[in-house]
Amino acid sequence: MKIIIYEDEKWSNLTPLSYLKSVFELRCGFSSLFEKINSILPDYQKGFWVRDYIKKLIEKKFSLPVNNTSFFEDDLLLVNGRWLAIEGEIKEDEEKVAVSGQDIVYAIVKKENVNKLFDGNFEEFLKRIKENIKNIEEKRLVINYPWDLMHHNPEAIKKDFEKLNRRGIKGNFSDKASIVGNENDVYIEEGAKIHPFVVLDTSKGPVYIEKEVEIFPFARIEGPCYIGEDTQIMPGANIREGNSFGPVCRVGGEVEESIFHSYSNKYHDGFIGHSYIGEFVNLGGLTTNSDLKNDYSNVTVYLNGKPVDTGLLKVGSFIGDHTKTSIGTLFNTGTVAGIMCNITAAGILPKYFPSFCWFINGKYMKGLGIEKAIETAKIVMGRRDRELLPEEEEVIRKVYEMTSEERREYARKSRKT
Amino acid sequence: MEDKEIYERVVKVISEVLGVDKEKIKPESRFVEDLGAESVQSLELVAAFENEFDIEMEEEAALEVKTVGKAVEFIKQYLK
């Protein structure tokens, strides 16, 4: 048997977060969706199936076969890359398609059916196995929209903490710092440094701190919370419940039920709540998002240009990789900002920003162009000892093309107002 | 459109966006060094020229234009 972890056509529901990465690299709880799936996979040869334009990048990042049709000469275990695998297991009992609602969670397909149903078109193959092989309903969490990640984050942190079952203080914990609640719900990895007058509050959930994390004085961290390697929590930060910060982030001000993917900065004061902040994002001082409407109605989010009712009362912002905001930026409830945007304050802002756009004095502009965007990305990444891979650059250029018409349209309309 | 009219409208836009007196704007004036345009203002200038002349310019090429005189020549291409 061989294993394929795949993206289906719903990857576009997860834009802008998924523009520069696969859906299974998105984070929830302690880790990415891939890491969670990988922890429950049986020991067979693994590969991926992803949209064409990120194929080379995924090959480079994971050193595993991607979109390799030779996998289709064997029995297959197909696993949806949008599965948030914080509970449940893969039962290898029979040929079947395990579904949760409309989504395939995973499927076991025998070689004979693989031969019969795969003709080179992967999306068609998924449809065919669902139609032709026994469907078994297995209630699982599948990520359909960006807000699902932040919505399930507190639960995912708790589950990941239980699963890893690491407890205690190995790092440097000042004798003037405090734990409120159950001390057994804290893990501080070796190399982490917790300064005096920091409070870790485990009343509502565990706090897990990775190596090289530094938490400066007067910060208050409420569980459930996960703080990734080499992340810094700035002095006086108010880290409310349900946050995950990936590696190498700088976080200050007030943050609630949010995910910072990695390498992103919110150094200064300002509130971010119920949001997903991509990679290499920089939020200027006092950048704040609303996450609750004053009439307490469901928050609507624009996805691929269309409004979608999230069914949730609290939804903040979804900020694509490499986007930057100016000081004093005020995001409306349920805002989507694409990748590599440059957004400046102008009162309460509109709810959607096409990728690569610049928003200046209340108007959308097309930006400085792709060459300048890439040059800036290289500088930003270099500051954190990261190199922009040629494969990543290729993906950025592709997304620039893909989003060009939308960006021009917004700039055109904006010019005429 | 006559060259003189294009030039006058270009000067009007520059004066409005950068807050520079029209008299100080010459064909040889450089946007950054002489007229003090920041990168954000360069983008605002491109948008304002597009609005003034009802054209759509290729942004990277437009941002390469360094002087007022060259801007007039650049805009003329789109008016043909």
Side-chain angles (χ1 to χ4, degrees), chain A residues 282 284 322-329 338-346 349-350 353-377 379-380 393 396-397 399-417, chain B residues 1 5-6 8-22 25 29-68 70-80:
Chain A
N282 192 59
H322 292 275
T323 279
K324 294 159 193 70
T325 66
S326 77
I327 51 170
T329 299
I339 65 162
M340 294 187 152
C341 295
N342 197 328
I343 298 168
T344 62
L349 299 179
F353 299 89
S355 291
F356 301 92
C357 85
W358 284 45
F359 190 80
I360 299 162
N361 288 337
K363 288 187 182 294
Y364 294 96
M365 297 183 187
K366 288 174 285 183
L368 296 179
I370 184 64
E371 301 308 329
K372 186 69 186 165
I374 284 172
E375 188 187 318
T376 305
I379 294 169
V380 169
E393 184 174 328
I396 293 170
R397 287 180 185 280
V399 177
Y400 188 79
E401 278 171 37
M402 285 160 53
T403 55
S404 158
E405 190 43 48
E406 179 188 52
R407 192 163 50 252
R408 285 177 185 280
E409 186 60 30
Y410 270 79
R412 212 177 285 140
K413 282 185 193 160
S414 198
R415 220 172 54 216
K416 289 177 180 165
T417 54
Chain B
M1 201 181 294
E5 188 191 341
I6 298 171
E8 285 170 356
R9 287 169 71 177
V10 164
V11 168
K12 177 180 77 100
V13 166
I14 296 168
S15 172
E16 285 168 2
V17 172
L18 300 183
V20 178
D21 290 342
K22 285 182 184 172
I25 302 170
S29 301
R30 294 168 297 175
F31 288 108
V32 177
E33 294 87 347
D34 302 326
L35 303 175
E38 303 276 353
S39 60
V40 164
Q41 289 172 315
S42 302
L43 280 177
E44 286 182 297
L45 273 174
V46 171
F49 287 141
E50 289 184 331
N51 201 31
E52 175 69 22
F53 295 99
D54 197 20
I55 55 175
E56 198 163 316
M57 302 189 287
E58 207 282 298
E59 61 267 29
E60 278 178 283
L63 290 164
E64 284 299 307
V65 173
K66 304 292 183 208
T67 66
V68 174
K70 294 282 184 200
V72 172
E73 293 303 314
F74 189 77
I75 288 165
K76 268 166 68 179
Q77 295 172 51
Y78 289 90
L79 296 172
K80 280 175 186 166

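Heavy atoms of other residues, nucleotides or ligands lying less than 6.0 angstrom from CD1 of Ile55(B) number more than 12. Atom CD of Glu60(B) has more than 12 neighbouring heavy atoms from other residues, nucleotides or ligands inside a 6.0 Å radius.
From Trp358(A), atom CH2 reaches atom OG of Ser42(B) across 9.0 Å, with rounding to the nearest 0.5 Å. With rounding to the nearest 0.5 Å, the separation of CZ in Arg412(A) from CG in Asn51(B) is 13.0 Å. Within the model, atoms OG of Ser414(A) and CD of Glu50(B) stand 11.0 Å from one another, a figure rounded to the nearest 0.5 Å.
Within the 4.5 angstrom heavy-atom criterion, only side-chain atoms of Leu63(B), from C-beta onward, approach chain A. For a residue to count as touching a neighbouring chain, one of its non-hydrogen atoms must lie under 4.5 Å from one of that chain's; by this rule Asn342(A) does not touch chain B.
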Below 3.5 Å, can you tabulate the donor-acceptor pairs from side chains in residues 367-376 of chain A to any protein atom, sequence neighbours excluded?
residue, atom, partner, partner atom, Å
Glu371(A), OE1, Arg397(A), NH2, 3.0
Glu371(A), OE2, Arg397(A), NH1, 2.9
Thr376(A), OG1, Lys372(A), O, 2.9

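Looking only at distances, a side-chain donor or acceptor of Lys366(A) sits under 3.5 Å from a matching main-chain atom of Met57(B).
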